[in-house]
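Below: the structure, in structure tokens.
These numbers were taken from a predicted model, which means no experiment stands behind them. Numbering of residues begins at 1 and proceeds along the displayed sequence.
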Amino acid sequence: QVQLVESGGGSVQAGGSLRLSCAASGYTYSGNCIGWFRQAPGKEREGVALIYTDGGKTYYRIDSVKGRFTISQDNAKNTVNLQMNTLKPEDTAMYYCAARIGCPDGIIFTPPNFAYWGQGTQVTVSS
């Protein structure tokens, strides 16, 4: 069965960096897409960054993370990473890795379109 395991969360001060990793197993990595979502307390889960596993095309849904967050992949390890720099308190959330089978161009990057989810990793940014 598909398993997604996130790691790398933690607590940092504003301006700091964290690198999240999502290791996928039981999943045909190629030809699909994997995304990072986040959910802050009292807010809806929202898409952050997406990568198409074939070709590595990326998409960032939230304007405030563009230029600060970078999604990348290690195909040999079936792993997707999210490098987060210049973190802000508003980045505080539970971060989830999610995957889907097939990834058409222009896919709507919302939770219902992703069938497989990790358990989440907490990111806390203090001011």
Side-chain angles (χ1 to χ4, degrees):
Q1 80 235 31
V2 177
Q3 245 193 331
L4 302 173
V5 179
E6 302 102 332
S7 60
S11 297
V12 295
Q13 289 195 322
S17 297
L18 284 172
R19 182 179 177 87
L20 306 183
S21 291
C22 171
S25 60
Y27 173 69
T28 301
Y29 188 81
S30 152
N32 298 310
C33 57
I34 293 179
W36 283 98
F37 291 77
R38 70 185 184 186
Q39 187 167 19
K43 295 191 175 180
E44 290 189 354
R45 193 170 298 189
E46 59 180 355
V48 177
L50 176 75
I51 190 163
Y52 291 75
T53 56
D54 275 358
K57 185 171 76 171
T58 60
Y59 169 67
Y60 298 90
R61 185 178 173 278
I62 303 174
D63 286 343
S64 67
V65 309
K66 293 176 182 177
R68 298 190 298 123
F69 289 12
T70 303
I71 189 170
S72 63
Q73 63 181 347
D74 183 338
N75 289 24
K77 296 181 180 178
N78 283 9
T79 298
V80 171
N81 302 305
L82 185 68
Q83 178 67 42
M84 306 186 295
N85 297 329
T86 320
L87 281 160
K88 304 176 180 180
E90 51 263 43
D91 295 318
T92 295
M94 184 73 80
Y95 282 71
Y96 297 90
C97 169
R100 55 168 288 131
I101 304 298
C103 203
D105 244 356
I107 183 170
I108 299 174
F109 187 23
T110 55
N113 286 320
F114 287 76
Y116 306 103
W117 291 83
Q119 80 287 355
T121 186
Q122 179 66 38
V123 171
T124 302
V125 185
S126 57
S127 57

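By the salt bridge (Lys or Arg N to Asp or Glu O under 4.0 Å) test, K57 pairs with D105, sequence neighbours left out.
When every heavy atom of L4 is checked against every heavy atom of A24, the shortest pair comes out as CD2-CB, 3.6 Å. V65 approaches R38 most closely through the heavy-atom pair CG1-NH1, 4.1 Å. Summarising the geometry of M94 relative to G120, their closest heavy-atom pair is SD-C, 3.8 Å, with the distance given to 0.1 Å. Among all heavy-atom pairs drawn from A14 and P89, the shortest one is CB-CD, 4.1 Å. Here the closest non-hydrogen pair linking Q122 and A93 is NE2-O, 3.4 Å. Nearest approach of A49 to L82, heavy atoms of both residues: CB-CD1, 4.0 Å.
In this structure, CD1 in I51 is found 10.0 Å from SG in C33, a value given to the nearest 0.5 Å. Atoms CG and CD, on N81 and E6 in that order, are 12.0 Å from each other to the nearest 0.5 Å. To the nearest 0.5 Å, atoms CZ (R61) and CG (L50) are separated by 11.5 Å. One finds the CE atom of M84 at 7.0 Å from the CG atom of D91 (value rounded to the nearest 0.5 Å). The line from CG of D54 to CG of N32 is 8.0 Å long, rounded to the nearest 0.5 Å. Taken from CD1 in I34 to CD1 in I71, the straight-line distance is 8.0 Å, to the nearest 0.5 Å.
D74 places no side-chain N or O within donor-acceptor distance of the main-chain N or O of T79, the cut-off being under 3.5 Å. Using modelled atom types, no side-chain atom of T121 and backbone atom of Y95 make a donor-acceptor pair closer than 3.5 Å.
The local environment of NZ in K77 is sparse, with at most 12 non-hydrogen atoms from other residues, nucleotides or ligands closer than 6.0 Å.
The ring-ring contact (aromatic ring centres under 6.0 Å, His included) pairs that include a residue from residues 34-54 are F37-F109, F37-F114, F37-W117, where partners are two or more places apart or lie in different chains.
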